There are 2 protein chains.
Amino acid sequence: MRPTGRTFARARGAMRDTRAELLLQAETLVRGRGYAGFSYADLAAAVGIRKASIHHHFPTKADLGAALVEAYATRYAAALSEIRAGIPDGPGRIEAYGRLYLGGVEQGLGCLCAALAIEGEALPERLRGDVARFFADHLAWLAAVLGEGQADGSVRLGPDPALLARHVVATLEGALLMERLFASPEAFRGTLALLVDGLRPADR
Amino acid sequence: MRPTGRTFARARGAMRDTRAELLLQAETLVRGRGYAGFSYADLAAAVGIRKASIHHHFPTKADLGAALVEAYATRYAAALSEIRAGIPDGPGRIEAYGRLYLGGVEQGLGCLCAALAIEGEALPERLRGDVARFFADHLAWLAAVLGEGQADGSVRLGPDPALLARHVVATLEGALLMERLFASPEAFRGTLALLVDGLRPADR
DNA sequence: AAAAATCTACCTACTAAATGGTTGGCAACG
DNA sequence: CGTTGCCAACCATTTAGTAGGTAGATTTTT
């Protein structure tokens, strides 16, 4: 099943991208159907590689999962510091943060870490820790941003920034979960607007 | 592997509970690890029955899933009308609604329909419809309750009730997802309080 | 610079265990 | 007697993971 000699030249230049391609396709699969919902066979088919070759890059499925979370978290971290650098006020920053989730709704893909969090007990131990850290990092970033916002008057005073941060993550994760089901980016935008508006100080 | 004759008396009276027990244990499994994350073997072990017997009650896994959603939705529907009957004001009703989710955080169990929604594409077709209906029903109930609240002055005017309803479900689903991971009912309560407070009319 | 050794990326071909599901039977109950 | 509830023993397929190998690139030795 295949000529035997596979002496084809390997496209030149595109040598070292297989790993990245695996991560990309695996992320799409997990976000679309959950961690337990995809197999190495699915991934192999998506990438156009044989199943066994995946094990060369990621010995076990848990290894792949961990790499997935790491890459995802890294991308998010970059986006977060870009937001903080480019936008000055609290509500503006939260709105930009919320728009990161919007992409998922538009592509019909959930949050990677939400998909993993749902599996809970059944998830490989170490992955649970990575996922928890993902959320903790976001909460810390948001608490800092909201705290700054309260200090400069762009965010309403009163609730503890840490509490506000949890509210923000919860609302966005939940909205992504639900509005993906309904394939309704508009509804997501509505919820985001409402959320951001609730952070503004009551004028007068 | 077993004496062959299984002539034991079957506990008397507790004859027809197997189906209910299957639903109960299956719900726990799905809410704890996702739909793709549990098997008929797991369920058989949890109930203390042989795998094949499950198929007698639920021919396919999709049948089981559908029955699960139906039972879950029915229980919720009962709780919702009880809330509406027993509590007069908008915020109070929403708070009671939110407390329905709190149980999940305390038991370490997510929302059944959130677990199913995450699987998205991979989910048996008909289940997707059932799950969507579950959310749509909640949104309708909430929109009605919030509309009433606006009419009687217990809920702030301004945002469309349908929009507020989406915000409420999103926040609670997201908070359940996240706070279950952190095993933090207190944090859930905090988010719920913040959510309910945001619904109150600005005094003065 | 040529030859030898090692490494990288992938393959085919397997395996043991688990998956959802089927068949046919048996016993108890109404 | 027929229905209901359960079971043992299957089944085909899929699962994650392994074994062993091959071709080409890279590095090391001569």
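Computed over heavy atoms, backbone and side chain alike; hydrogens, waters and symmetry mates excluded. All figures in this text were calculated on a predicted structure; none of them were measured in a lab. Labels below follow one simple rule: chain letters A, B, ... track the order of the sequence lines, proteins then strands, and each chain is numbered from 1.
- Taking the side chain of A:Ala52 as heavy atoms from C-beta on, and the options C:dC11, C:dG21, D:dA16, the nearest nucleotide is C:dC11.
- In this structure, A:Glu106 pairs ionically with A:Arg189, as a charged nitrogen and a carboxylate oxygen lie closer than 4.0 Å.
- Applying the 4.0 Å criterion to OP1 and OP2 of C:dC10, one finds that A:Thr18 has a side-chain N or O inside that range.
- The CZ-P distance, from A:Phe38 to D:dT14, rounds to 17 Å in whole Å.
- Side-chain nitrogen and oxygen atoms of B:His57 include at least one within less than 4.0 Å of the OP1 or OP2 phosphate oxygen of D:dC6.
- Between A:Glu121 and B:Arg31, no side-chain nitrogen of the basic residue sits less than 4.0 Å from a carboxylate oxygen of the acidic one, so the salt-bridge criterion is not met.
- Checked for salt-bridge contact, A:Arg126 and A:Asp63 meet the test: a charged N lies under 4.0 Å from a carboxylate O.
- Ring pair A:Phe135/B:Phe182 is perpendicular by interplanar angle, where above 60° counts as perpendicular and below 30° as parallel.
- B:Phe58 comes within 4.0 angstrom of no nucleic acid atom, judged by non-hydrogen atoms across all strands.
- With rounding to whole Å, A:Asp17 atom CG is found 11 Å from C:dA9 atom P.
- If one axis is set at each end of the helix from C:dA1-D:dT30 to C:dG30-D:dC1 from five pairs, those axes are 10° apart, to 10°.
- Note on B:His56: a side-chain N or O is less than 4.0 Å away from OP1 or OP2 of D:dG5.
- Straight-line distance from the CG atom of A:Leu64 to the P atom of D:dA16: 10 Å, rounded to whole Å.
- Of the inter-residue distances, the one linking B:Cys113 atom SG with B:Ile118 atom CD1 reads 12.5 Å to the nearest 0.5 angstrom.
- Counting to the nearest Å, the P atom of C:dT15 and the OH atom of A:Tyr40 are 21 Å from each other.
- Side chain B:Lys51 to base C:dG20: a donor-acceptor pair is found below 3.5 Å.
- Ionic pairing of B:Glu119 and B:Arg128 is not present here: no N-O contact between side-chain nitrogen and carboxylate oxygen is shorter than 4.0 angstrom.
- Look at CD1 on A:Ile54: it is 9 Å from P on D:dA16, rounded to the nearest Å.
- For the pair A:Ser39 and D:dT14, the criterion of a side-chain N or O lying under 4.0 Å from OP1 or OP2 is not met.
- Here the nucleotide nearest the side chain of B:Ser53, chosen from D:dC7, C:dT22, C:dC11, is D:dC7.
- Protein atom NE2 of A:His55 is 19 Å distant from nucleotide atom P of D:dG21, rounded to whole Å.
- Taking atom CG of residue B:Asp63 and atom P of nucleotide C:dG21, one finds them 8 Å apart after rounding to whole Å.
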Apply side chain to side chain donor-acceptor pair (under 3.5 Å) to residues A:His138 and A:Tyr97 and explain how you reach the verdict.
CA-CA 10 Å; A:His138 282 228; A:Tyr97 174 74; 2.6 Å; yes

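- Distance B:Leu43 CG to C:dA18 P: 17 Å, rounded to the nearest Å.
- Under 4.0 angstrom from either OP1 or OP2 of C:dC10 there lies no side-chain N or O belonging to A:Arg50.
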